[in-house]
Asker: 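Attaching a single structure in structure tokens format; questions to follow.
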Number of protein chains: 2
Amino acid sequence: MITYTIGKLAQAANINHETVRFYERKGLLPKPSRSPAGYRLYTDDDLKRLHFILLAKKHGFTLADIQELLELRVAPSSTCEEVKLKADQKITIIKDKIAELRSMQRALTTLASTCHGSGPAGKCPILDAFEINN
Amino acid sequence: MITYTIGKLAQAANINHETVRFYERKGLLPKPSRSPAGYRLYTDDDLKRLHFILLAKKHGFTLADIQELLELRVAPSSTCEEVKLKADQKITIIKDKIAELRSMQRALTTLASTCHGSGPAGKCPILDAFEINN
DNA sequence: TACAACATTGTACCATACTACAAGGCAAGA
DNA sequence: TCTTGCCTTGTAGTATGGTACAATGTTGTA
């Protein structure tokens, strides 16, 4: 069986080894077995789990979300529906964020376009807009 | 001249009075004058400045950005162009964020649609997808 | 005048997600 | 064997943007 020390695991997952320890403290990674000298020994399953965590994170889940997902996966009574529900909830949150960012973008674009780009900032239309509109 | 105590100012801006103190510590709000008893006394100019801060924040500027904007506004040598540049930079960042969120949304939507929504989570396609794709 | 509501200060805490030490032990190659 | 590099631990710091609290002083209203 292939085992990894913390450094190798971190390298394989392309993250800082302190982050691995952090995830262990957070309960995202199980406490690994130890070598006679006390070194953490990780397996391929741990690497898979780490990949799961990193991928879920990339997909917009917070560490708290991921912990829930991992628990769902372990609990024999949990259903696919629960997981689907969490994914749907996250999609809704993402949609809201996009809408918010779009509105910010529109506002800033309008503001930037009214600025002719010269003259003292005290009379910059962008700043004026911030003061007039509230 | 109308003056506000910290509570009135906070109320007028619809924020926590501790936030006002926080902004003062951060240098976003100037140190206000004091009443004989040591109470902070704010003017309409302070309220305007606070509105500027809150509006800029709403438009996607961080407190550090806002501090820069406020400094630009004060410096007589600064130009509108500098402010426009900052706004444009922020627009670029916002666009990138939107693109990132869209890709997350697409991925999650695909994952959620492959999940039929029943059965044990151990065999949920969403979780499978997280483990297979890396 | 009593008393509630507001103000003051410094400091510490919250969440999120790490990152960085110091002081020491262990392992592997030249 | 020596030296470098990796490992261990606990603790503390980073960034962002606040929020909370205790102990104490002040103000306004009934």
Side-chain angles (χ1 to χ4, degrees), chain A residues 3-29 31-43 46 49-50 52-70 90 93-94 97 100-101 104, chain B residues 2-29 31-43 46 49-70 90 93-94 97 100-101 104:
Chain A
T3 57
Y4 308 82
T5 57
I6 195 166
K8 297 290 174 195
L9 185 79
Q11 199 173 28
N14 201 31
I15 57 168
N16 194 313
H17 79 275
E18 298 279 11
T19 306
V20 176
R21 282 185 64 214
F22 176 72
Y23 286 168
E24 182 183 324
R25 283 201 296 281
K26 283 268 158 180
L28 291 168
L29 288 175
K31 290 182 184 254
S33 62
R34 300 285 183 138
S35 77
Y39 284 22
R40 285 172 182 80
L41 295 176
Y42 295 99
T43 66
D46 293 311
R49 197 182 169 104
L50 195 46
F52 176 94
I53 292 166
L54 297 174
L55 198 59
K57 218 164 73 69
K58 191 180 156 195
H59 286 240
F61 289 100
T62 65
L63 297 186
D65 291 333
I66 295 166
Q67 197 152 19
E68 279 183 48
L69 285 170
L70 288 166
K90 193 50 82 173
I93 290 165
I94 289 170
K97 277 188 187 174
E100 208 175 279
L101 284 170
M104 270 164 39
Chain B
I2 301 162
T3 58
Y4 308 81
T5 57
I6 196 166
K8 295 292 174 194
L9 185 79
Q11 197 172 29
N14 202 30
I15 56 168
N16 194 314
H17 79 275
E18 299 279 11
T19 306
V20 175
R21 283 185 64 215
F22 175 71
Y23 286 169
E24 183 183 323
R25 284 200 296 280
K26 283 268 158 182
L28 291 168
L29 288 175
K31 288 182 186 253
S33 61
R34 300 286 182 138
S35 76
Y39 283 24
R40 287 172 181 80
L41 294 177
Y42 295 98
T43 67
D46 294 310
R49 196 182 169 104
L50 195 46
H51 278 144
F52 175 95
I53 293 166
L54 297 175
L55 199 57
K57 218 164 75 68
K58 190 179 155 192
H59 286 241
F61 290 99
T62 65
L63 297 186
D65 291 333
I66 295 166
Q67 198 153 18
E68 279 183 47
L69 285 171
L70 288 166
K90 193 49 80 171
I93 290 166
I94 288 170
K97 276 190 189 174
E100 207 176 280
L101 284 170
M104 269 163 41

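Chain naming here is simple, since letters A, B, ... match the order of the sequence lines and numbering starts at 1 in each.
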Asker: Spell out protein contact along nucleotides 7-12 of chain D as letters: B when the base is contacted, S when just the sugar-phosphate is, - when no protein heavy atom is under 4.0 Å; keep the 5' to 3' order.
Answerer: SSBB--

Asker: For the pair R40(A) (side chain) and G7(A) (backbone), establish whether a donor and an acceptor sit closer than 3.5 Å, ignoring hydrogens and angles.
Answerer: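 No: the side chain of R40(A) does not pair with the backbone of G7(A).
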
Asker: Please enumerate all residues that pass salt bridge (charged side-chain N to carboxylate O under 4.0 Å, His left out) together with E100(B), with sequence neighbours excluded.
Answerer: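 Listed in chain order: nothing, the list is empty.
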
Asker: Taking only residues two or more places apart in sequence or in another chain, which ones pass side chain to side chain donor-acceptor pair (under 3.5 Å) with S35(B)?
Answerer: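 Scan of S35(B) (side chain to side chain donor-acceptor pair (under 3.5 Å), adjacent residues dropped) gives none.
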
Asker: Tell me, please, which residues at least two apart from T3(A) pass side chain to side chain donor-acceptor pair (under 3.5 Å).
Answerer: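 T3(A): no side chain to side chain donor-acceptor pair (under 3.5 Å) contacts found.
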
Asker: Considering all heavy atoms of both residues, which atom of I6(A) and which atom of Y42(A) are nearest to each other, and what is their separation?
Answerer: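 Shortest heavy-atom contact: CA-CE1, 3.8 Å.
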
Asker: Taking side chain to side chain donor-acceptor pair (under 3.5 Å) as the test, write out the residues that go with T62(A), two or more places apart.
Answerer: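 Counting only residues at least two positions away or on another chain, T62(A) forms a side chain to side chain donor-acceptor pair (under 3.5 Å) with D65(A).
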
Asker: Expressed in angstrom and rounded to an integer, what is the separation of L54(B) atom CG from dG17(D) atom C1'?
Answerer: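 After rounding, the reported distance stands at 13 Å.
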
Asker: In terms of the nearest nucleotide of DNA chain C, which residue is placed more toward the 5' end: L63(A) or S35(A)?
Answerer: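 Its nearest nucleotide being more 5', the pick is L63(A).
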
Asker: Looking at N16(B), I'd like to know whether one of its side-chain N or O atoms comes within less than 4.0 Å of OP1 or OP2 on dA20(D).
Answerer: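 The answer is yes; a side-chain N or O of N16(B) sits under 4.0 Å from OP1 or OP2.
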
Asker: Side chains of L50(B) and Y4(B), heavy atoms from C-beta outward: is any pair under 4.5 Å?
Answerer: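 No, side chains not in contact.
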
Asker: Does T43(B) reach the side chain of I2(B), with side-chain heavy atoms less than 4.5 Å apart?
Answerer: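 Contact flag for T43(B)/I2(B) side chains = no.
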
Asker: Heavy atoms of chain B, cut-off under 4.0 Å: which first and last nucleotide of DNA chain C, 5' to 3', fall inside that, if you could look?
Answerer: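 For DNA chain C, the relevant span reads dC6(C) to dG10(C).
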
Asker: Students often get this wrong, so: under 4.0 angstrom with heavy atoms, is K57(B) touching a base, only sugar-phosphate, or nothing?
Answerer: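 It contacts sugar-phosphate atoms only.
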
